[in-house]
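Take a look at the structure below.
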There are 2 protein chains.
Amino acid sequence: MVKSEKDNTRDRILGAAKKVFQSKGMAGARMQDIADEAGINKALLHYYFSSKAKLFEVIFKEAFSQFFPKINAAIDADIPLEDKIRFFCSEYIDMMKQNPFLPLFVLYEMNSRPKQFAKEMWHNRQSPLQRFTIQIEKEVKKKNIRAVNPTELFINMLSMLVFPFVGKPLWMAASGMDELAFNQFMEERKTSIPNFIIESLNK
Amino acid sequence: MVKSEKDNTRDRILGAAKKVFQSKGMAGARMQDIADEAGINKALLHYYFSSKAKLFEVIFKEAFSQFFPKINAAIDADIPLEDKIRFFCSEYIDMMKQNPFLPLFVLYEMNSRPKQFAKEMWHNRQSPLQRFTIQIEKEVKKKNIRAVNPTELFINMLSMLVFPFVGKPLWMAASGMDELAFNQFMEERKTSIPNFIIESLNK
DNA sequence: GTCTATAACTCGATAGAC
DNA sequence: GTCTATCGAGTTATAGAC
């Protein structure tokens, strides 16, 4: 076990805060919950992070940014479009399996502060959607795929990847799936979603 | 203007509570906010609904149940499958346009109490998914459509309908759409989503 | 039914000892 | 750096007048 990285108080706080904020949200989380989870007391939280808002900001930014490296890596990879889509879907589902509360947390807090959020979002870089669009248009021009609306394609793909996770209690209650069956279901979607998408691109 | 229905205090409270709870969530909402919105004082809230939790429960159940009459009506309609899908997508998008906070509110609060939620959900009736599954299997048997996994089809459709609404700030920041463009975009999806789905069913 | 006033409690934040 | 103790603001809920 590596100690130097994980065993200092600051990192324990961050780990605890991540867990509590992601499951209860900013408004629902209590500093006491975070302190308990980290095995320390409230005063020490304020010693490391001066306020609840500051601590939340750190956690939210980290959670939000976690969504994009994978998108960017997939978009920029020097492989055929079809492989990119397969790669991206598989990686994204893995990430959400490991962080099941992440999507709803980000969506909820983002919608609570849409204005503030819009400003800081891409730090003046090109958005993944813009870069995806350029690539799709190139493929259309080369007649490798039929003419499609790239925004629509992008949103459809992300919808089918993310929504099953945020609606999980719904599917479980409606179909009788348990935790294990749900995970198996998402595992199968690593291929069924790309198949569905790619099929629609072949004229 | 109809007065008898809307102008009594109880209904004013319910309207105010719906607005506040849906935009701020259970944890973020304040009884004072609801009282202000309704134009009354806090004490009167407790006179009509004994506690915040009770009032929330009424609002949540109403919001949750709002999702399903349309699904059921579409599933049970005596029209061809293709028409059902088109009808359902169009109605569902209209509903979410009129209640933009509804989907995220329900998803978030549902995920906060997945256990309690699972019990009460369908009141022992057949879930929409189960009824949808029966219909799809019938169509497959008649060879009207190719063999598909009904659960997957159902979740894909719902994903593409709902997720664009909960991720709205994301698309707006990523693509530069404004409110008007977003509404136009969703209007177009009333046809593009069914097209996408139906196409995948024709072998 | 509706209000004002306030009790009872929760929670973020700080003071100060070690 | 870490703790205990406590303050003070904000919140749910109730008492009681009208």
Side-chain angles (χ1 to χ4, degrees), chain A residues 1-63 101 105 108-109 112-113 116, chain B residues 1-63 101 105 108-109 112-113 116:
Chain A
M1 189 98 98
V2 182
K3 268 204 161 186
S4 54
E5 276 278 67
K6 279 281 170 186
D7 236 29
N8 62 72
T9 305
R10 195 169 191 279
D11 290 339
R12 291 241 309 288
I13 292 175
L14 285 172
K18 179 179 167 180
K19 189 168 172 182
V20 174
F21 276 133
Q22 286 198 12
S23 59
K24 302 195 179 185
M26 168 62 173
R30 302 284 160 248
M31 294 297 264
Q32 187 66 61
D33 301 335
I34 299 173
D36 292 348
E37 181 73 34
I40 56 167
N41 58 58
K42 283 188 292 177
L44 207 47
L45 290 181
H46 285 93
Y47 175 79
Y48 280 94
F49 302 88
S50 49
S51 70
K52 183 184 177 185
K54 284 264 170 58
L55 180 53
F56 174 80
E57 203 188 331
V58 173
I59 299 299
F60 180 74
K61 285 195 170 153
E62 191 211 335
F101 293 109
F105 170 67
Y108 191 78
E109 301 296 341
S112 305
R113 309 164 188 70
Q116 175 206 327
Chain B
M1 188 97 101
V2 182
K3 269 203 158 185
S4 54
E5 274 283 66
K6 280 279 173 187
D7 236 30
N8 61 72
T9 305
R10 195 169 190 281
D11 289 341
R12 291 242 309 288
I13 292 175
L14 285 172
K18 178 178 168 181
K19 190 168 172 182
V20 173
F21 276 132
Q22 285 197 14
S23 60
K24 302 194 179 184
M26 168 61 173
R30 302 284 159 247
M31 293 296 264
Q32 186 66 61
D33 301 336
I34 298 173
D36 292 348
E37 182 72 33
I40 55 165
N41 57 57
K42 285 185 291 178
L44 208 47
L45 292 181
H46 286 92
Y47 175 78
Y48 280 94
F49 302 89
S50 50
S51 69
K52 183 183 176 184
K54 284 263 170 57
L55 180 52
F56 174 80
E57 202 188 331
V58 173
I59 299 298
F60 179 73
K61 284 194 172 154
E62 190 211 334
F101 292 109
F105 170 68
Y108 191 78
E109 301 297 343
S112 303
R113 310 164 187 70
Q116 176 208 326

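Throughout, a chain's letter reflects where its sequence line sits, starting with A, and its residues are numbered from 1.
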Q) Mind checking what makes side-chain contact (heavy atoms from CB on, under 4.5 Å) contact with Ser23(A), not counting sequence neighbours? A) Phe101(A)

Q | Rounded interatomic separation in angstrom, taking NE2 from His46(A) and P from dC7(D) | A | 17 Å

Q: Output the residues of residues 21-37 of chain B in contact with DNA chain C, where contact means a heavy atom of the residue under 4.0 Å from an atom of the strand; sort by number or write none.
A: none

Q: Describe, as an angle rounded to 10 degrees, how the axis at the first end of the helix from dG1(C)-dC18(D) to dC18(C)-dG1(D) is tilted relative to the axis at the last end, five pairs per end.
A: 10°

Q) Which value, rounded to the nearest 0.5 Å, describes the distance between Leu55(A) atom CG and Leu45(A) atom CG? A) 7.0 Å

(Q) Set out, in order, the CA-CA distance, both residues' side-chain angles and the distance that settles side chain to side chain contact (heavy atoms under 4.5 Å, CB included) for Glu37(B) and Lys18(B), then state yes or no. (A) CA-CA 10 Å; Glu37(B) 182 72 33; Lys18(B) 178 178 168 181; over 6 Å; no

Which atom pairs link the protein and nucleotides 2-6 of chain C when you take only N or O atoms and keep those under 3.5 Å?
from, atom 1, to, atom 2, distance (Å)
dT2(C), OP1, Thr9(B), OG1, 3.1
dT2(C), OP2, Thr9(B), OG1, 3.1
dT2(C), OP2, Tyr48(B), OH, 2.7
dC3(C), OP2, Asn41(B), ND2, 2.9
dC3(C), O5', Asn41(B), ND2, 2.8

Name the atoms and distances for all side-chain donor-acceptor pairs under 3.5 Å in residues 27-35 of chain B, with sequence neighbours left out.
from, atom 1, to, atom 2, distance (Å)
Arg30(B), NH1, Ala27(B), O, 3.4
Gln32(B), NE2, Asp36(B), OD1, 2.9
Asp33(B), OD2, Lys24(B), NZ, 3.4
Asp33(B), OD2, Arg30(B), N, 3.3

**Q.** Side-chain heavy atoms of Leu14(B) within contact of Phe49(B), under 4.5 Å
**A.** yes

Q: Using the six-membered ring wherever Trp is involved, compare the ring planes of Tyr108(B) and Tyr108(A) and label them parallel, tilted or perpendicular (cut-offs 30° and 60°).
A: parallel

Q. Are any of the side-chain heavy atoms of Glu109(B) and Phe21(B) separated by less than 4.5 Å?
A. no

Q) Quick one, which residues of residues 50-57 of chain B touch DNA chain D with a heavy atom under 4.0 Å? A) Ser51(B), Lys52(B)

Q.
Rounding to an integer number of Å, can you tell me how far Leu45(A) CG sits from dG1(D) P?
A. 15 Å

Q.
Ignoring hydrogens, what is the shortest heavy-atom contact between Met26(B) and Lys52(B)? Give both atom names and the distance.
A. O-NZ, 3.0 Å

Q. Looking at OH of Tyr47(B) and CZ of Arg10(B), how far apart are the two atoms once the value is rounded to the nearest 0.5 Å?
A. 11.5 Å

